[in-house]
2 protein chains.
Amino acid sequence: MTTSEPAYDPHDFPPFAVATDIVVFTIRADRLQALLVQRNEDPYRLAWALPGGFVRPDEDLEQTARRELAEETRIETEPNFLTQLGAYGAPDRDPRMRVVSVAWWAVVPDLAEPEAGGDALYADILPVDDVLSGRLPLAFDHAKILSDALEALRSALEETTLATTFQSGPFRISDLRRVYEVVWGRELDPGNFQRKVRQTSGWLADTGETTSSKAGRPASLFTGPSKVTPLDRPVRRS
Amino acid sequence: MTTSEPAYDPHDFPPFAVATDIVVFTIRADRLQALLVQRNEDPYRLAWALPGGFVRPDEDLEQTARRELAEETRIETEPNFLTQLGAYGAPDRDPRMRVVSVAWWAVVPDLAEPEAGGDALYADILPVDDVLSGRLPLAFDHAKILSDALEALRSALEETTLATTFQSGPFRISDLRRVYEVVWGRELDPGNFQRKVRQTSGWLADTGETTSSKAGRPASLFTGPSKVTPLDRPVRRS
DNA sequence: ACAAAAGTGTTGTACTTACACCCATGA
DNA sequence: TCATGGGTGTAAGTACAACACTTTTGT
């Protein structure tokens with residue numbers, strides 16, 4: 001065996017830091033929004049950023065993300081609440097030192113105004129559009145992470161029953177359709193959507209309740225599955 | 001704002017190391033195989049493992065993976081050859097120190113017997129089945145990484161034109177079908193598969209050549225697209 | 001009665017599946 | 001001639017998109 005390179009010992013080099021960044025999606029006012037925090041530390045002090053922070057020595061990666069989310073925004077979550085998006089580690093992504101960040105994403109029903117804590121000055125829920133269009137710049141490479149998370153979300157709506165997790169209680173089929181329309185930025189045929197989701201077994205459970213509607217015929221109310229599951233046939237996006 | 005937690009400075013703690021692990025799939029002898037190296041260092045000295053190694057201070061994550069692949073197995077690759085699978089960072093995954101590893105995967109046509117180099121004693125191409133069944137144990141959490149990469153590969157065959165990248169030159173449609181059958185572990189109808197891939201525009205380019213067949217009617221030879229692209233309609237796996 | 005939203009019917013097209021069958025070659 | 005794999009034909013079944021239409025409520 002030949003060894004053309006000298007042995008590399010990670011102890012010889014300045015340390016890496018490992019962090020997490022978290023994208024939490026919700027729908028409010030018929031727009032897709034994400035939970036953001038205003039930084040209270042340099043670099044990017046006062047800039048908006050994804051919640052997140054450094055992994056501690058004996059901490060699991062997902063646990064870090066859940067802890068930071070709780071510290072910075074008071075949102076408490078279950079294990080497996082977050083889905084891993086990937087690792088972001090360009091050498092220059094943090095001016096202080098080399099940081100590799102593991103990004104996660106999740107969906108929550110519309111929630112109470114978040115409370116800030118930890119390293120965050122404020123926590124707020126802001127439209128994803130505003131970030132992607134550049135009107136709302138984010139710290140570090142967080143706009144790229146948010147953009148990648150959005151694609152993961154759009155794809156998950158095609159392939160899984162995830163959409164129901166945007167709902168906090170029993171919902172109408174048109175509420176579910178609205179989720180698709182908001183996330184995909186495209187209108188869907190109400191009749192065809194109705195059939196599609198009703199025919200998919202294991203997705204909706206009819207509560208027997210109906211809305212006392214403000215306008216139009218009352219709608220049946222449904223609940224989603226207890227766990228997000230893959231769909232046999234996708235809900236076609238195009 | 002309240003700060004219930006003391007500020008955390010990553011410099012206060014023992015450093016993390018960031019590494020990469022790489023899954024390279026190929027098909028040989030009608031079996032799905034992966035490139036593995038035999039470790040020449042503790043821990044897990046002499047055990048089989050995925051190729052990979054530590055990220056250097058000024059190195060991009062994908063660049064690390066490509067460099068390690070070249071050092072350990074002499075396989076030279078282009079940028080964007082690798083697809084990121086995710087980050088693996090359980091606190092106890094490496095007994096020496098805290099290591100977070102970013103995993104990548106890729107497909108190559110069957111290749112010459114790989115040459116070992118760097119930290120690897122040997123490099124070889126071994127059946128994925130043998131790892132997943134437990135007959136061939138791997139170091140660290142590499143069996144889990146390989147299993148996750150296999151699922152990503154199976155899914156990519158459904159949704160993209162990736163299958164052609166298993167072929168080194170012009171190929172028959174039945175060669176392409178064999179890729180699906182080997183990766184999915186399931187036989188496909190030859191006639192229907194033929195129509196499906198021929199009708200998908202942007203996938204196959206007819207070279208005009210045919211095989212001088214050993215048995216049966218000669219087959220047209222095709223080449224794949226220059227870039228892997230998503231399919232409008234998936235090749236259904238189930 | 002009218003507006004509005006829920007939900008069902010209908011029809012054409014596209015795709016999938018199973019499997020029969022023909023085609024072109026080597027032995 | 002036969003065996004072998006390449007490739008096409010065909011028909012049933014399924015799914016989807018477009019859109020008309022009926023149902024059930026509030027005003």
Side-chain angles (χ1 to χ4, degrees), chain A residues 30 157-159 161 163-164 167 170-182 184-223 230-238, chain B residues 30 157-161 163-164 167 170-182 184 186-223 230-238:
Chain A
D30 265 8
L157 289 198
E158 280 190 280
E159 314 269 0
T161 61
T164 55
Q167 307 294 336
F171 52 87
R172 300 170 297 177
I173 287 180
S174 60
D175 294 327
L176 195 61
R177 176 165 47 87
R178 204 77 200 101
V179 170
Y180 279 88
E181 291 177 336
V182 166
W184 286 351
R186 166 176 175 252
E187 305 225 313
L188 301 179
D189 180 279
N192 293 338
F193 184 83
Q194 177 111 205
R195 253 187 306 253
K196 173 76 182 175
V197 299
R198 289 180 107 113
Q199 281 169 10
T200 302
S201 71
W203 196 350
L204 300 187
D206 196 327
T207 61
E209 309 282 302
T210 56
T211 51
S212 43
S213 64
K214 292 172 179 131
R217 172 175 169 180
S220 298
L221 291 173
F222 298 84
T223 53
L231 298 172
D232 295 2
R233 293 188 197 275
V235 181
R236 282 175 56 86
R237 198 197 314 196
S238 57
Chain B
D30 264 10
L157 290 198
E158 279 190 282
E159 314 270 359
T160 74
T161 62
T164 54
Q167 307 295 335
F171 53 86
R172 298 170 298 176
I173 289 182
S174 60
D175 295 327
L176 195 62
R177 176 165 47 87
R178 204 77 200 100
V179 170
Y180 280 87
E181 292 178 336
V182 166
W184 286 352
R186 167 176 173 247
E187 305 225 314
L188 301 179
D189 182 279
N192 293 337
F193 183 83
Q194 177 111 206
R195 252 187 307 253
K196 173 73 181 176
V197 299
R198 287 180 108 113
Q199 281 170 10
T200 302
S201 71
W203 196 349
L204 300 189
D206 196 327
T207 60
E209 308 282 304
T210 56
T211 51
S212 42
S213 65
K214 293 172 180 132
R217 173 176 168 177
S220 298
L221 290 173
F222 298 85
T223 52
L231 298 171
D232 295 2
R233 294 187 197 277
V235 181
R236 280 177 54 84
R237 198 197 314 197
S238 58

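Just so we're on the same page: letters track the sequence lines, and every chain starts at 1.
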Going by the rule side-chain hydrogen bond (donor to acceptor under 3.5 Å, both in side chains), which residues pair with B:R172 if we only count those two or more places apart in sequence or in a different chain?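 If we apply the side-chain hydrogen bond (donor to acceptor under 3.5 Å, both in side chains) test to B:R172, skipping adjacent residues, the hits are B:D175.
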Measure from [atom1] on [X] to [atom2] on [N] and round the result to the nearest Å.
X      : N      : atom1 : atom2 : answer
B:E209 : C:dT25 : CD    : P     : 14 Å
B:R236 : C:dA18 : CZ    : C1'   : 15 Å
B:L231 : C:dC15 : CG    : P     : 13 Å
A:R178 : C:dA5  : CZ    : C1'   : 14 Å
A:L188 : C:dA5  : CG    : P     : 17 Å

So if I define the base as every atom that isn't primed, P, OP1 or OP2, how would nucleotides 6-15 of chain D read as a B/S/- string at a heavy-atom cutoff under 4.0 Å? BSBBB----S
Do [X] and [Y] come within less than 4.5 Å of each other through their side chains, counting heavy atoms only?
X      : Y      : value
B:V235 : B:L157 : no
A:L221 : A:T211 : yes
B:L204 : B:I173 : yes

Test item: A:R186 side-chain N/O and A:R237 main-chain N/O as donor-acceptor pair under 3.5 Å: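 It does hold such a pair.
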Could you walk me through whether B:V197 and B:Y180 pass the side-chain contact (heavy atoms from CB on, under 4.5 Å) check? CA-CA 12 Å; B:V197 299; B:Y180 280 87; 5.6 Å; no
